[in-house]
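Quick caveat: nothing in here was measured; it's all calculated off a predicted structure. Heads up: numbering here begins at 1 and tracks the sequence. Side chains included, hydrogens not; waters and symmetry mates left out as well; all remaining heavy atoms used.
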Amino acid sequence: MRYDLVIFDNDGVLVDSEPISNRLLAAYLTELGHPTSYEDSLRDYMGAAMHRVHDLVEERTGERLPVDFDDVFHARVFAAFERELTAVDGAVDVLEKLAADGVPYCVASSGSHARIRVGHRTTGLDRWFDEGRLFSSEDVGRGKPAPDLFLYAAERMGVAAERCVVVEDSPLGVQAARAAGMDVYGYTAMTPAARLAGATGLFGGMGELLELLV
């Protein structure tokens with residue numbers, strides 16, 4: 001293995017949550033008078049922390065979202081996760097291989113700790129991640145595309161940034177990893193390869209990922 005730590009994004013990389021959460025986000029914003037399509041949500045918010053939603057809406061409209069926006073949105077998302085969420089195809093195989101080879105890995109997600117835990121519990125991925133392997137944008141001052149979250153994860157895991165590799169599926173995540181001085185492999189299952197052009201390499205299925213890491 002060329003790297004001492006594999007840092008996974010969560011949504012869209014380990015759990016197949018992006019279609020669910022972006023569908024609900026678009027619907028909720030539209031409900032509040034900010035017409036947003038599913039495609040708009042993917043383009044503007046995929047891979048971002050919640051503060052980006054607030055910031056962009058206020059920047060574009062001059063209006064602030066309701067104070068309970070995050071709570072209402074997360075309640076809807078968590079309920080949908082319980083009904084619909086599955087692990088990304090092949091993710092378990094990758095985790096099994098890393099664990100078997102003794103390669104350290106962790107999650108660094110724009111989502112909250114609660115969101116990460118609900119998703120992992122629902123899909124059974126919680127068996128692969130104790131609390132010491134879970135890092136959220138809640139833990140740092142700035143979310144992606146700032147490098148803070150990935151640098152924080154590396155520091156907590158005791159690995160130098162240049163010895164880390166990030167697995168991402170969003171342009172914001174790729175930007176954050178590059179800003180942190182880390183290699184990053186872009187997962188193109190939902191994101192066009194052109195939007196992940198800054199990545200070290202690209203892959204379309206989890207079966208390809210391990211070949212890129214060795």
Side-chain angles (χ1 to χ4, degrees), residues 6-29 36-50 52-53 73-99 105-129 133-137 143-144 149 153 165-174 176-177 184-193 195-196 199 201-213:
V6 181
I7 304 176
F8 290 97
D9 175 44
N10 190 57
D11 293 293
V13 170
L14 294 176
V15 296
D16 195 16
S17 54
E18 294 291 7
I20 299 170
S21 58
N22 282 281
R23 183 186 76 230
L24 293 173
L25 179 57
Y28 190 25
L29 288 173
T36 305
S37 69
Y38 173 71
E39 291 74 20
D40 292 338
S41 185
L42 289 176
R43 181 194 65 228
D44 293 340
Y45 305 122
M46 182 173 166
M50 288 301 295
R52 179 177 172 86
V53 182
F73 175 64
H74 285 135
R76 295 181 182 186
V77 168
F78 293 173
F81 279 5
E82 298 283 357
R83 297 189 305 268
E84 306 173 41
L85 190 63
T86 60
V88 167
D89 188 38
V92 169
D93 296 334
V94 172
L95 294 171
E96 284 181 342
K97 177 63 174 172
L98 294 177
Y105 61 88
C106 66
V107 159
S109 172
S110 292
S112 65
H113 278 283
R115 177 180 172 130
I116 297 168
R117 287 195 295 268
V118 168
H120 284 193
R121 185 178 69 249
T122 302
T123 59
L125 291 183
D126 53 346
R127 64 173 293 204
W128 301 103
F129 293 95
R133 296 178 189 264
L134 301 180
F135 306 103
S136 160
S137 61
K144 306 169 189 178
L149 176 57
V165 63
V166 176
V167 184
E168 265 287 354
D169 70 332
S170 75
L172 294 175
V174 169
V184 53
Y185 291 106
Y187 183 36
T188 61
M190 283 194 61
T191 307
R195 297 196 66 210
L196 301 176
L202 301 173
F203 66 103
M206 284 293 160
E208 305 167 36
L209 178 58
L210 288 173
E211 297 177 12
L212 295 173
L213 298 178

Enquirer: To the nearest 0.5 Å, what is the distance between OG (Ser37) and CZ (Arg23)?
Expert: 14.0 Å
Enquirer: Answer yes or no: is there a side-chain heavy-atom contact under 4.5 Å between Glu84 and Pro19?
Expert: no
Enquirer: Got a second to check how far Met46's CE is from Asp9's CG, nearest 0.5 Å?
Expert: 8.0 Å
Enquirer: Please list, chain by chain and in numerical order, all residues satisfying side-chain hydrogen bond (donor to acceptor under 3.5 Å, both in side chains) with Glu96, sequence neighbours excluded.
Expert: none
Enquirer: Rounded to the nearest 0.5 Å, how far does OH of Tyr185 lie from CG of Leu213?
Expert: 6.5 Å
Enquirer: Tell me the closest heavy-atom pair linking Met206 and Val94, and the distance in Å.
Expert: O-CG2, 3.7 Å
Enquirer: If every non-hydrogen atom of Leu125 is compared with every non-hydrogen atom of Leu14, which pair is closest and at what distance?
Expert: CD1-O, 3.5 Å
Enquirer: Which distance, rounded to the nearest 0.5 Å, do you find between the CG of Leu85 and the OG1 of Thr123?
Expert: 6.0 Å
Enquirer: May I ask you to decide if Asp11's main-chain N or O and Ser17's side chain share a donor-acceptor pair within less than 3.5 Å?
Expert: no
Enquirer: Between the side chains of Arg52 and Ser110, is a donor N or O closer than 3.5 angstrom to an acceptor N or O?
Expert: no
Enquirer: Supply the atom-to-atom distance Leu172 CG to Asp44 CG, rounded to the nearest 0.5 angstrom.
Expert: 9.5 Å
Enquirer: Working note: Arg115 + Ser109, criterion side chain to side chain donor-acceptor pair (under 3.5 Å); need CA distance, chi angles, decisive distance, verdict.
Expert: CA-CA 10 Å; Arg115 177 180 172 130; Ser109 172; 6.0 Å; no
Enquirer: By the definition side-chain contact (heavy atoms from CB on, under 4.5 Å), identify the one residue from Val6, Leu134, Ile7 that meets it with Cys106.
Expert: Ile7
Enquirer: Check the pair Leu98, Phe8 against side-chain contact (heavy atoms from CB on, under 4.5 Å), reporting the backbone distance first and the verdict last.
Expert: CA-CA 12 Å; Leu98 294 177; Phe8 290 97; 3.7 Å; yes
Enquirer: Taking atom CG of Asp89 as the centre, does the number of heavy atoms from other residues, nucleotides or ligands within less than 6.0 Å exceed 12?
Expert: no
Enquirer: What closest approach, in Å, do Val15 and Gly119 show between heavy atoms, and which atom pair accounts for it?
Expert: CG1-O, 4.0 Å
Enquirer: Could you pull out the closest heavy-atom pair between Ser136 and Ser112, with the gap in Å?
Expert: OG-CA, 3.5 Å
Enquirer: Looking only at heavy atoms, what is the nearest atom pair of Pro171 and Leu196, with distance?
Expert: N-CD2, 3.6 Å
Enquirer: Using ring pair (Phe, Tyr, Trp, His ring centres under 6.0 Å) as the criterion, list what pairs up with Phe129, not counting sequence neighbours.
Expert: Tyr105, His120
Enquirer: Relative to each other, are the rings of Phe81 and Phe78 parallel, tilted or perpendicular (30° and 60° limits)?
Expert: tilted
Enquirer: Among all residues two or more places apart in sequence or in another chain, which pass the salt bridge (Lys or Arg N to Asp or Glu O under 4.0 Å) test with Glu82?
Expert: Arg121
Enquirer: Do you know the tightest heavy-atom contact between Leu25 and Ser41?
Expert: CD2-OG, 3.5 Å
Enquirer: Spell out, as yes or no, whether a donor-acceptor pair under 3.5 Å connects the side chain of Thr188 to the backbone of Phe203.
Expert: yes
Enquirer: If you apply the rule side-chain contact (heavy atoms from CB on, under 4.5 Å), what do you find for Asn22 with Glu39, and how did you get there?
Expert: CA-CA 8 Å; Asn22 282 281; Glu39 291 74 20; over 6 Å; no
